[in-house]
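Only heavy atoms go into these numbers, but all of them, side chains included; no hydrogens, no water, no symmetry mates. Residue numbers count from 1 along this sequence.
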Amino acid sequence: MSFPLLTATAVLPALGAVATAAVPAARRTAAKWLALLVSLATLALAVTVLVRFDPGGARYQLTESHAWIAAFGVRYELGVDGIAVALLALTALLIPFVILAGWHDADPLETGNKRWRPTQGFFALILAVEAMVIISFEATDVFLFYIFFEAMLIPMYFLIGGFGDSAHEHGDEAAATQRSYAAVKFLLYNLVGGLIMLAAVIGLYVVAGNFSLAEIAQARANGSLHMATNTERWLFLGFFFAFAVKAPLWPLHTWLPNAMGEATAPVAVLITAVVDKVGTFAMLRFCLQLFPEASKWATPVILVLAVISIIYGALLAVGQRDIKRLVAYASISHFGFIILGIFAMTSQGQSGATLYMVNHGISTAALMLVAGFLISRRGSRLIADYGGVQKVAPVLAGTFLIGGLATLSLPGLAPFVSEFLVLVGTFSRYPAIGIIATFGIVLAALYTLVLYQRTMTGPVKPEVATMPDLRPRELLVVAPLIVLLIFLGVYPKPVTDIVNPSVKQTLSDVHKKDPKPSVEAAK
């Protein structure tokens, strides 16, 4: 039997979470180093998966399949395509930076009541989320995917509700109330979506007789499995609703600004750059592959919702006074672009959407983590409390600017390529939708540059006059992300070479081809 590489990639952070949680309370620093080392070892395994994956090979590679609950046709089946490999690598890459950035976020609070926070628990929960996200990207059994799709809500709930930095602006009791509200809202929204998906998962089993993604897709392709039109549409809606909550798509998005606003900056990165990607990934892997006709039937409505997300999220970002909530609404706009690219049903759109998932993860991590370093120095998330930071902390301001420019998709930085592909792919099939979505770029420039101007330029406010610049640990977090943004902005080929074959197979699943140019070339 060959080495179960995919299982090892998911099990290692899970075991690391248990080991980190078991470290004695008096040895908090040891727990931090253990979590960091485990995340780096997981990254090494993810790189091995990336190296061993052959873009020109079989659709699902490094596969593992074992009987699990035989009576119900449930198997432990893993396999990765190009899209899953790219997102698995992104997840494993970001977690060490999340841990380093949050190095002191779970230290005991020096407050009047000496409230204690379990440092070991904070880092163990991060590793637990990593394990569940990774196996969600790897699972090719629908029931197995569903279990971890839902299970990741538990550690995220405790990360949002148990740790946060809103005490800088309110009393401890008020801050705890806000964090609890955000955590419960996150949990309820995603639980409702998950319960609806569970009904659809059961319905799929009733129709197909098993949960194997490959077997169901093959049976549909060769005609041995036929779904009635209404049945397929209802099942599609059950899956899509859960993924749209996770993504999040308007109008199911309202939990995200609360969750990101009340969480620490590293946990906010974990939410939007890692966990939320499971929703958009699942649209490609499950919705389009299992329910191709229903996906085409729902496309017009989904495209409209995606465009609303783009414009609505950007408009609300323009009006924000809170730095972290501004990044949250910007992410809602960006997820609108990703979903737009998926359902444009073109190779450019879906390649751009997959590339956007990777690039958005890197750019949002860079911007949010630098924002977190800024907030920890001043003790406030309010934009109005800053001014002139670039004069006292130029490196911090410079990295903040690069993260912001990546967010607005400046040419030469990674998100530009993905956003361009999404818009080209959309315009070639739905020109009106593509034109409207383009206004999101204008609004992104507005909210990003206004944020930088109000916080970093102008007279130096007394409260920031002694603000220190980025420390070595913080530079170690931000610098690699900035390098990646520039490298993938200039040379995105390593990622597109991996994802393009999988995108073509996905388009084949829904029986779609790229539209021919409407204007003949000049003779």
If I compare all heavy atoms of [X] with all of [Y], which pair ends up nearest, and what's the gap?
{"X": "Tyr329", "Y": "Pro257", "result": "CZ-CG, 3.5 Å"}
{"X": "Met283", "Y": "Ala247", "result": "CE-CB, 4.2 Å"}
{"X": "Ala414", "Y": "Asn359", "result": "O-ND2, 2.9 Å"}
{"X": "Pro13", "Y": "Ala8", "result": "CD-O, 4.5 Å"}
{"X": "Gly193", "Y": "Ala242", "result": "O-CB, 3.2 Å"}
{"X": "Lys324", "Y": "Gly261", "result": "NZ-O, 3.5 Å"}

Please determine which of Val129, Thr9, Val274 meets the side-chain contact (heavy atoms from CB on, under 4.5 Å) test together with Thr91.
->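 The side-chain contact (heavy atoms from CB on, under 4.5 Å) with Thr91 is passed solely by Val274 among Val129, Thr9, Val274.
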With a sphere of 6.0 Å drawn around [atom1] of [X], does it hold more than 12 non-hydrogen atoms of other residues, nucleotides or ligands?
{"X": "Trp68", "atom1": "CH2", "answer": "yes"}
{"X": "Arg473", "atom1": "CZ", "answer": "yes"}
{"X": "Tyr452", "atom1": "OH", "answer": "yes"}
{"X": "Tyr60", "atom1": "OH", "answer": "yes"}
{"X": "Lys185", "atom1": "NZ", "answer": "yes"}

Please check if the side chain of [X] supplies one atom and the backbone of [Y] the other of a donor-acceptor pair under 3.5 Å.
{"X": "Ser502", "Y": "Gly82", "result": "yes"}
{"X": "Ser309", "Y": "Ile332", "result": "no"}
{"X": "Gln61", "Y": "Asp54", "result": "yes"}
{"X": "Arg285", "Y": "Phe137", "result": "yes"}
{"X": "Thr448", "Y": "Ala445", "result": "no"}
{"X": "Ser295", "Y": "Cys287", "result": "yes"}
{"X": "Gln120", "Y": "Pro24", "result": "yes"}
{"X": "Thr20", "Y": "Ala17", "result": "no"}
{"X": "Thr399", "Y": "Leu396", "result": "yes"}

Describe, in one word, how the ring planes of [X] and [Y] are oriented to each other, choosing from parallel (under 30°), tilted (30 to 60°) and perpendicular (over 60°).
{"X": "Trp255", "Y": "Phe186", "value": "perpendicular"}
{"X": "Phe143", "Y": "Tyr146", "value": "tilted"}
{"X": "Phe239", "Y": "Phe243", "value": "perpendicular"}

Report the C-alpha distance between Arg377 and Glu474 in whole Å, list the side-chain angles of each, state the deciding distance to 0.1 Å, and finish with yes or no for salt bridge (Lys or Arg N to Asp or Glu O under 4.0 Å).
-> CA-CA 12 Å; Arg377 285 159 165 73; Glu474 296 166 338; 2.7 Å; yes
[X]-[Y] side chain donor-acceptor pair, cut-off 3.5 Å:
{"X": "Thr7", "Y": "Tyr76", "value": "yes"}
{"X": "Ser212", "Y": "Glu77", "value": "yes"}
{"X": "Gln320", "Y": "Tyr447", "value": "no"}

Let me see the working for Tyr356 and Ser409 under side-chain contact (heavy atoms from CB on, under 4.5 Å), right down to the final yes or no.
-> CA-CA 10 Å; Tyr356 212 137; Ser409 299; 4.2 Å; yes
Going through the distances and angles, do Leu153 and Leu191 end up as a side-chain contact (heavy atoms from CB on, under 4.5 Å)?
-> CA-CA 8 Å; Leu153 301 180; Leu191 275 178; 4.0 Å; yes
Using a 4.5 Å cut-off on heavy atoms from C-beta on, say whether the side chain of [Y] contacts that of [X].
{"X": "Leu43", "Y": "Val47", "answer": "yes"}
{"X": "Met197", "Y": "Val201", "answer": "yes"}
{"X": "Phe145", "Y": "Asp141", "answer": "no"}
{"X": "Phe122", "Y": "Leu159", "answer": "yes"}
{"X": "Met132", "Y": "Val275", "answer": "no"}
{"X": "Ile271", "Y": "Asp276", "answer": "yes"}
{"X": "Met357", "Y": "Leu284", "answer": "yes"}
{"X": "Gln350", "Y": "Met345", "answer": "yes"}

Look up atom [atom1] in [X] and atom [atom2] in [Y], then write down how far apart they are to the nearest 0.5 Å.
{"X": "Ile323", "Y": "Ile375", "atom1": "CD1", "atom2": "CD1", "result": "5.0 Å"}
{"X": "Met456", "Y": "Phe400", "atom1": "CE", "atom2": "CZ", "result": "4.5 Å"}
{"X": "His66", "Y": "Leu78", "atom1": "NE2", "atom2": "CG", "result": "7.5 Å"}
{"X": "Leu367", "Y": "Leu481", "atom1": "CG", "atom2": "CG", "result": "11.0 Å"}
{"X": "Phe373", "Y": "Leu470", "atom1": "CZ", "atom2": "CG", "result": "7.0 Å"}
{"X": "Ile83", "Y": "Leu355", "atom1": "CD1", "atom2": "CG", "result": "11.5 Å"}

What do the steps show when you test Val133 against Lys277 for side-chain contact (heavy atoms from CB on, under 4.5 Å), and what is the final call?
-> CA-CA 9 Å; Val133 169; Lys277 298 298 187 300; over 6 Å; no
For the pair Glu262 and Arg381, find out whether any cationic side-chain nitrogen is under 4.0 Å from an anionic carboxylate oxygen.
->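 Judged by the 4.0 Å cut-off on N to carboxylate O distance, Glu262 and Arg381 do form a salt bridge.
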Is the Phe149-Phe286 ring centre distance short of 6.0 angstrom?
-> no
Test ring-ring contact (aromatic ring centres under 6.0 Å, His included) applied to Phe240 and Phe343, step by step = CA-CA 12 Å; Phe240 181 80; Phe343 285 90; 5.8 Å; yes
Using the side-chain contact (heavy atoms from CB on, under 4.5 Å) rule, take Thr48 and Leu5 through it: C-alpha gap first, then chi angles, then the decisive distance, then the call.
-> CA-CA 8 Å; Thr48 305; Leu5 183 57; 3.9 Å; yes
